[in-house]
Number of protein chains: 2
Amino acid sequence: MATIYEVAARAGVSPATVSRLFNGSFVSADKADSIRRAAAELNFTPNRTARRLRKQSSELIALLIPDVENPFFTALARGVEDRAQQAGFSLVLCNTDDDPGKEEHYLDIAASEQMAGVILTPTAGEVDLGAIAALGRPVVAVDRTTPYPVDAVKIDNRAVGIAATGALFDAGFRRVACIAGPAGIEATEERYLGWREVATARGGGDLDGFLQHANYRVDGGRSAMQRLLELPVPPDAVVTTNNLMAVGALQVLAEAGISPRELGVAVVGDLPFTTLTPDAVAQVHLPARHLGTTAAAMLLDRIGGDSQPPRTVVLRGELRAG
Amino acid sequence: MATIYEVAARAGVSPATVSRLFNGSFVSADKADSIRRAAAELNFTPNRTARRLRKQSSELIALLIPDVENPFFTALARGVEDRAQQAGFSLVLCNTDDDPGKEEHYLDIAASEQMAGVILTPTAGEVDLGAIAALGRPVVAVDRTTPYPVDAVKIDNRAVGIAATGALFDAGFRRVACIAGPAGIEATEERYLGWREVATARGGGDLDGFLQHANYRVDGGRSAMQRLLELPVPPDAVVTTNNLMAVGALQVLAEAGISPRELGVAVVGDLPFTTLTPDAVAQVHLPARHLGTTAAAMLLDRIGGDSQPPRTVVLRGELRAG
DNA sequence: GTGAAAGCGCTAACAC
DNA sequence: GTGTTAGCGCTTTCAC
């Protein structure tokens, strides 16, 4: 790896001039030429580590998500990446597994790597975002909010819970259960509150056993659906508060030979890679990618020096079918 | 962000001693104590950028994949991450979109960031892996091989193509078409060669129009399936050479009211998040995660100094149902 | 076992 | 415009 000194020597200029050329300052045309030639001959690429040490910052953004294998979060990541790339920033994707320890670990890394900023879906744990914020590194929370005064982009979770549940009642179902994520995660709480509101108002009867907490993955949805089917008086429809749990629920139904038209299903989120026809299941589309681009835009603003008080942007879901 | 000098001053030792403590050299117990206390009080985290500049290497591995939104690659990434984490390495995930330009860009970044090594699914373009290899950074190709002499982990693609096609003939289908990925991508070529071999031997008739190239995504599978259905004499079954194209094909069939039992479907790969019962579609399971752990293990060996000639590990798929 | 000091490659004052 | 130089925070000889 050639250095700026070797390029300078070969081009007959000082290292500073080489640096200037690569950083946009004006350099006389003839010197610029010979520097470019020398750089090409030596296959020179500026050493980003040295630059970062000197500048105390980099063009790297960290994105911390709970699960890279969940299409909701990869779509979100895609959005962040698109926006970041436009601005010349690269993305470092980190998987927290919803483990506060891992979240903290990656936050430390982001700080000690002089990354320009962090976008994260905070875990339920009480991780100190103050530390990194105090370093002057902007932080944006996405999909979930935090007690810390940082920017946030989220979904109107109560509304999507209401929309999904409402779609089921509109279709004629009356005993609507809910498969919710782990207790303690904000997005889930708000979504099932939406369900409870509608289910209580329109369902009439009591909701005993109709709320099932589960982990946010396919297997969580499976076991919750199984428990619902074993109820003395099972529901005639079910709402899930995320995409993957719906997959699990639908798998259990398919294996039991029950079609989603017999036992209604509505999802908060999008059924990933579904091969069902669009009208089989009510889906409340969540703008995952847009969540990402919005968060990235906010972060880039902050990196650019924007210092207004923390904002929270709320995005809306959209009922798609059913 | 506190520095090693501040910690040293507070603990009444030299910076070198602080460094030694954090790097495993022996330091007398009393000094170690006061250093630890000082570090804790100052909330000290070693600056990784400075360390890297000095050491000319880092505990970072780059993983370049074509599509973060494809569950095959996220599973692979998960495997790499698991193995890397065990060894104290962190992962930087980069999306190439199968664009040689982006691949090259990220390779440059990996080099100029002093990353410890690179694992990549090479694009079809002729990107120079020699440059980074010459820098002494190990490179492992995964899922696809390259003309460069680097380690590789791949699938026995011909065998999985044969297995998927064979399953369809075993189930009684006779006019078996193939939806293959873009021409020029090795994995696809080999898989469809497997299909052709079996289809020719067991299908008898000619294969005119039965080979459809498409992009590797859901929409590619959709349009290819549509073309197949419009054939004067359509196939009675279809093999797809990756997971996402199968989703597209199944969507088109579902919309046309054709069940996968009428028109047989076999997939090379795993149907992601499927809600179909396991017997509906023949799937040749691809050990994506294992591909990742294997590649990571090889890379870590190389980082550790292993210098045997490049190896290629071939993993096998496994017929799962149908 | 510990300290002093050089240097990794770059950028940004500061002179000219 | 361009060169000289200091220094970002760390690790690592080299003495002691």
Side-chain angles (χ1 to χ4, degrees), chain A residues 1-36 38-39 42-60 88 108-116 135-137, chain B residues 1-36 38-39 42-60 88 108-116 135-137:
Chain A
M1 199 108 258
T3 75
I4 216 171
Y5 289 94
E6 305 174 59
V7 175
R10 192 174 190 111
V13 300
S14 79
T17 306
V18 178
S19 172
R20 287 187 187 107
L21 178 65
F22 282 97
N23 288 286
S25 298
F26 270 109
V27 170
S28 65
D30 56 332
K31 304 213 172 187
D33 268 5
S34 53
I35 293 172
R36 265 190 268 270
L42 294 171
N43 206 342
F44 170 75
T45 314
N47 182 316
R48 289 164 174 260
T49 304
R51 167 181 293 175
R52 189 183 312 174
L53 178 59
R54 179 58 225 243
K55 305 224 307 184
Q56 306 281 34
S57 83
S58 68
E59 271 75 54
L60 243 41
D108 272 359
I109 291 190
S112 76
E113 293 271 2
Q114 277 82 251
M115 296 197 190
L135 258 33
R137 304 295 179 195
Chain B
M1 197 109 259
T3 76
I4 216 171
Y5 288 93
E6 305 175 58
V7 175
R10 192 175 190 108
V13 300
S14 79
T17 305
V18 178
S19 172
R20 287 189 185 104
L21 177 66
F22 282 98
N23 287 285
S25 298
F26 269 109
V27 170
S28 64
D30 56 332
K31 303 210 172 190
D33 266 6
S34 52
I35 292 172
R36 265 190 269 271
L42 294 171
N43 206 342
F44 170 74
T45 313
N47 182 316
R48 289 163 175 259
T49 304
R51 167 182 291 174
R52 190 183 311 172
L53 178 59
R54 178 60 225 243
K55 305 225 305 184
Q56 306 280 33
S57 85
S58 68
E59 272 74 54
L60 242 41
D108 272 359
I109 291 190
S112 75
E113 293 271 2
Q114 277 81 253
M115 296 198 191
L135 258 32
R137 304 295 178 194

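Model, not experiment: these values are computed from the prediction. In what follows, every chain begins at residue 1, and chains take the letters A, B, ... in the order their sequences are listed.
- Regarding contacts with the backbone of dC8(D), every side-chain N or O of Gln114(A) stays at 4.0 angstrom or more from both OP1 and OP2.
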Atom pairs, N/O to N/O, protein against nucleotides 13-16 of chain D, distance under 3.5 Å?
residue, atom, partner, partner atom, Å
dT13(D), O4, Arg20(B), NH2, 3.4

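- For dG3(C), one of the phosphate oxygens OP1 or OP2 lies less than 4.0 angstrom from a side-chain nitrogen or oxygen of Ser14(B).
- Between its two ends, the helix from dG1(C)-dC16(D) to dC16(C)-dG1(D) turns its axis by 40°, counting five pairs per end and rounding to 10 degrees.
- Regarding contacts with the backbone of dG1(D), every side-chain N or O of Ser28(A) stays at 4.0 angstrom or more from both OP1 and OP2.
- Residue Ala50(B) has its side chain nearest to dC10(D) when only dC10(C), dT2(C), dC10(D) are considered.
- Shown here are the salt bridge (charged side-chain N to carboxylate O under 4.0 Å, His left out) partners of Arg137(B), two or more places apart in sequence or in another chain: there are none.
- Among the heavy atoms of the strands lying under 4.0 Å from Phe44(A) are primed sugar atoms or P, OP1, OP2 only; no base atom is included.
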Could you go through residues 24-33 of chain A and list every donor-acceptor pair under 3.5 Å that involves a side-chain atom there, pairing it with any protein atom two or more places apart or in another chain?
residue, atom, partner, partner atom, Å
Ser28(A), OG, Asp30(A), OD1, 2.9

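- For dC10(D), its base sits under 3.5 Å from the side chain of Tyr5(B) at one donor and acceptor pair at least.
- Pairs of residues two or more places apart, or lying in two chains, that qualify as salt bridge (charged side-chain N to carboxylate O under 4.0 Å, His left out) and include a residue from residues 4-20 of chain A are Arg10(A)-Glu41(A).
- The separation between Glu113(B) atom CD and dC10(C) atom P is 13 Å, rounded to whole Å.
- The side chain to side chain contact (heavy atoms under 4.5 Å, CB included) test applied to Thr45(B) returns Ser112(A), Met1(B), not counting sequence neighbours.
- Among dC10(C), dT2(C), dG3(D), the nucleotide with an atom closest to any side-chain atom of Thr17(A) is dG3(D).
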